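FYI, side chains are in, hydrogens and waters are out, and symmetry mates aren't considered; it's all heavy atoms of this structure. Order of the sequence lines fixes the chain letters, A, B, ..., with proteins taken first and strands second; residue numbering starts at 1 for each chain. Just so it is clear, the structure is predicted and the values come from calculations on it, not from any experiment.
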Amino acid sequence: MKKRTLFILVAILLSTITLLGGCSSKQETSKQETAPKYPTKPIELVVHTNPGDGVNLFAMTLAEVLTTEKIVPQPVNVVIKAGGSGANAMAYVNTKEGDPYYLVTCQPSTITTPIRNKLDITYKNFTPIASVIAEDYVVVVRKDSPYQTFRDLIEDAKKNPKKVKQGSGVLGANDTVISKLIEEKAGVEFNLVPFKEGGQMVVALLSGDVDFISANPSEILEQVRAGKMRVLASASEQRLSAFPDVPTMKELGIDVVFKGHRGIMAPKGISQEVVKYWEEAILKATKTEKWKKYLNDNIVSDFYLTSEELSKYWDELNNMYKEIYTRMGVISN
Amino acid sequence: MDILLNLAMGFQQVLTPIYLLFVLLGVGFGLIVGALPGLGPTAAIAILLPLTYKSDPVLSMVMLTGIYYGAMFGGSYTSILLNIPGESSAVMTALEGYQLALQGQASKAIQMANMSSFLGGTISVFGLTVAAPLLSKAALAFGPPEYFILMMLGLSAIAFVGTGSPVKALIAGCFGLMLGTIGSEPITGAQRYTFGSYNLGDGIPFAAVAMGIFAIAEVLINIEKGLKPFSGKTEKKMRIQWPTKEELKISMSPAFQGTGIGFVLGALPGVGPTIASFLSYSLAKLQSKRPEKWGKGAIEGIAAVETANNAAVGGAMVPLLSLGIPGSSATAVLLGGLLMHGLRPGPLLFSEHPEIPWGVIASMYIGNIIAIIMGITLSVYFIRLLKLPPAVLNVIIFLVTIIGAYSINNNVFDIWVLLVFGVVGYFFKKVGIPEAPVVLGLVLGPLVETTFGQSLIMSHGSLSIFVQRPVSLVLLIILIIIYLWPLIRFSFNRLKYSNNQ
Amino acid sequence: MRRGKISLYSGLIALSIYYGREALSLGLWVGFGPGPGLMPLLLSIIMFILACFLLLSPDGLKNTETDSFILADGKRRLIMVVLFLIISTYLMDIIGFILSTMILTYTILQMVEKWGMKRSAIVAIILPVTFWFLFAVAFKMQLPEGIWF
């Protein structure tokens, strides 16, 4: 009885394995014979956030443009691997070493998550393809706030250290990094009230529980248009096209420039041709009308970097985050 | 008058064949996916989201919201039939519903859930129609201190679930709270109890724990005993059973109370259906004339919970449509649907694109009617599940919970969590430690900790913030009454007992 | 039964001690608010007290509805099922969803439920494939793929 059970088990296993093995080996031989141009099968674009989030929207739109504008002959499918602040997605793609059919989004969390959680998998385990866009940050107050300008805010914070309340992300999030930079440059100290979700932070600002927030323009544009919030300053290099009257912090003498890049990377060990292929495909995608509409709708700026430039940019970011995290006490040496 | 005109415009739009078809598709899909354990409204919307890329924005929003409340409707079925709560808001339904199913009254429980869902859903849409601007203003009165007290109110449910010893319920709740501290700490982001694994960085996923500790544990016990859980207890003919007149009568007040709680709490960003269902359950039990029946199949408990979590859907649409702020993970995905069309909802949505909010609102009236008709029809087929051989049913439970756990993050790690908590749940069941408080603690713990920390940071470390704010003070008084209630009742009973002797 | 309960409660006490010790190293107060360690410390104390109470009070060790810990005749079935669950989860990332759940279904039906081989094999093929079609094909959800796909 026992033997027969085992026999059936092994039989099921073996037959399926041979079946599957048969399929895959057939594919491989056909590849060698005709050597069709890359890509010959659908591409997986892995993203670490759910719909409703900026990075997810970036991946969805990019995949949509690449597919419907026929820039890539094969469909690009977005696959969500949420969890671990991006670590799950990185770990998944890391197992696909040398496989050119996997892409994954890169953003500041690609650098910061490994630093914060001391992971073995870092940005160095991936091949940079291209940076595509950047999300800027603006400082926002509600409409009846006493602060008319960014100066007012800084002056008040100088007079009352640790009294001006900022709604922020959890310590170490990009908006807390910006606060730290402002604090250091202007010689002030804010009182950071951390919120896990951006929506609650916006509510806290509207209700007056906090005095200001720094947010991506897309998060607050509608509130500003409705006259419920005012933008005081932006942490960008130049004035943002969506808020032409809003000065940059640099103009105001507080030299803080900060943005969150969104780009694409691939597993380690893929060929230079594949990198070139995607660099060009993405550049083509960013030239389409659909992409321009996306930039416009979501007030994100163009931030195209080639593979080489992105690699350098990552190194810079890595050093920057490590230093500021040490100063913020997020990591200890 | 404006409201009537706008609503008429919404109905005019929705009462066309193509819109009705999309509502039907959305509700039907939501109902079925929501009934699958582990796949709640968020997952259901996310599955169909990419398909709506090309259709008209109003049309796709109507369908996606249909999926949302359809999934809320369907979420109760597997909780009742198989003891698998796939959503935190359905935990309390499983508590009462599964007991009823074991007594051969699965159909009755499901019809009660259907009717309650319909009632809660429809009344909350009505609330959304007339009171959205008012309620969105009220939501602003809720800051971290108010949320903290609300969460503490929700935690009081620990004392109200379970039938056995209160110490064991407390142990279970404490265990759940401990699980909730795993992952990155909400204020400083420090990693706690992760053992260096990134998989635990975001904390232990709730759904995997709930499915493990409820469903897997139950199946393990049945397998050990060689039990056939439903043998002889299901009727030969699968007719629809309806609740009796008396049962409807005692369910009335929990149902309306649940609707109110659900709608108001649903409108608070970050609170939503879970707290609403916990609170509605414990308040209804508190007022019940037969509290001894609760936890052993009290049908009015289903009414309290299902009205609350369905009414929360209407409530959750308030901040989304009138402020542009998603209050829950499901509405965040709905927001994603609008973003894909280049539309960003905000305070101006009602004036600039009235066709979207009013179309959605009108469709929700129709969708709820469609949902109850489909729900009653489909329930007959769902109940047939119980006629499968128990061995096959056990395997099916294993397979769907495995898929459900995997789908949380598309990660096998969560299947391990499911198994571990299946075994933990097995031992807890053997000792008589109730499982619901574990889930309660796990869901509410991080929220309690976050909001307490936020409040103290806001007040520079002073506890007076909880009594200085009027809303917070009122909630605090309710909290104290509820926490002292068992003590009051206990001493009262003692008095009666000693008098009788 | 008594032994089982004693070991479970002792386990909870051990857990609370470990948990509390970790909490102390996390920092109890940061700035204006409670630090990462405060809530865990409180919880570990509560857990410790509650578990001790159950262990020491006669009520805690009294028999409950479920009469025995691990039933003698069910022990084999229980251990086998848990073992098969562990094996199939372990195999999930290696051989994919369909194959590993086929093994799970077959072993449970044939070896635990003592079904005939043919019947077990038929169900073990039908169920995983149906689920795969429903979730992976119809709903376009991700399922564990394994290294061959």
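- Between chain A and the options B:Leu335, B:Ile45, B:Val333, heavy-atom pairs under 4.5 Å are most frequent for B:Val333.
- A heavy-atom distance below 4.5 Å is not found between the side chains of B:Phe142 and A:Ser207.
- Using a 4.5 Å cut-off between heavy atoms, B:Glu185 contacts chain A through its backbone alone, with no side-chain atom that close.
- Other residues, nucleotides and ligands contribute over 12 non-hydrogen atoms within 6.0 Å of the CG atom of A:Asp144.
- Of the two parts of A:Tyr294, neither the backbone nor the side chain holds a non-hydrogen atom closer than 4.5 Å to a non-hydrogen atom of chain B.
- The distance from the CG atom of B:Leu339 to the CE atom of A:Met60 is 11.0 Å, given to the nearest 0.5 Å.
- For chain A, the option among B:Ser184, B:Gly189, B:Pro347, B:Gly336 with the highest count of heavy-atom pairs below 4.5 Å is B:Pro347.
- If you measure heavy-atom distances from B:Ile187 to chain A, the contacts under 4.5 Å come from both the backbone and the side chain.
- Within a 6.0 Å radius of NZ in A:Lys228, no more than 12 heavy atoms belonging to other residues, nucleotides or ligands are found.
- The line from CG of A:Leu206 to NZ of B:Lys137 is 12.5 Å long, rounded to the nearest 0.5 Å.
- Summarising the geometry, atom CG belonging to A:Asn88 is positioned 6.5 Å from atom CG belonging to B:Asn199; distances are rounded to the nearest 0.5 Å.
- At a heavy-atom cut-off of under 4.5 Å, chain A is reached by B:Gln454, B:Ile457, B:Met458, B:His460 from residues 453-467 of chain B, listed in order of number.
- Of the possible polar contacts, one joining the A:Gln223 side chain to the B:Leu323 backbone as a donor-acceptor pair under 3.5 Å is found.
- Within 6.0 Å of CG in B:Leu51 there are more than 12 heavy atoms belonging to other residues, nucleotides or ligands.
- The contact between A:Lys81 and chain B is made by backbone and side chain atoms together, counting heavy-atom distances below 4.5 Å.
- Within residues 408-416 of chain B, the residues having any heavy atom closer than 4.5 Å to a heavy atom of chain A are B:Asn409, B:Asn410, B:Asn411, listed by residue number.
- Using a 4.5 Å heavy-atom threshold, the side chains of A:Glu197 and B:Pro269 count as separate.
- Distance CE/B:Met340 to CG/A:Asp297: 13.0 Å, rounded to 0.5 Å.
- Contact tally against chain B (heavy-atom pairs below 4.5 Å) for A:Gly83, A:Gly198, A:Gly199: the top residue is A:Gly83.
- Nearest heavy-atom pair across B:Leu49 and A:Pro51 is CD2-CB, 3.2 Å.
- Atom CD in A:Gln200 sits 6.0 Å away from atom OH in B:Tyr147 (nearest 0.5 Å).
- Proximity to chain B is limited to the side chain of A:Lys293, based on heavy atoms less than 4.5 angstrom apart.
- Proximity of B:Glu352 to A:Arg225: side-chain heavy atoms (C-beta onward) are separated by under 4.5 Å at one or more points.
- Of the two parts of B:Pro345, only the backbone, made up of N, CA, C and O, holds a non-hydrogen atom closer than 4.5 Å to a non-hydrogen atom of chain A.
- In this structure, A:Asp209 and B:Arg469 have side chains that are in contact, with non-hydrogen atoms separated by less than 4.5 Å.
- For the atom pair OG (B:Ser407) and CD1 (A:Ile80), the distance works out to 11.0 Å, reported to the nearest 0.5 Å.
- By the 4.5 Å heavy-atom criterion applied to side chains, B:Ile325 and A:Val203 are counted as neighbours.
- For A:Leu192, the part lying under 4.5 angstrom from a heavy atom of chain B is the backbone only.
- Side-chain contact between A:Val170 and B:Pro186 is absent, with no heavy atoms from C-beta onward closer than 4.5 Å.
- Counting heavy-atom pairs under 4.5 Å between each of B:Ala332, B:Ser329, B:Pro446, B:Pro50 and chain A puts B:Ala332 at the top.
- Within 6.0 Å of atom NZ in A:Lys290, more than 12 heavy atoms from other residues, nucleotides or ligands are found, so the atom counts as buried in its surroundings.
- A:Ser218 touches chain B through backbone and side chain together, each having a heavy atom under 4.5 Å away.
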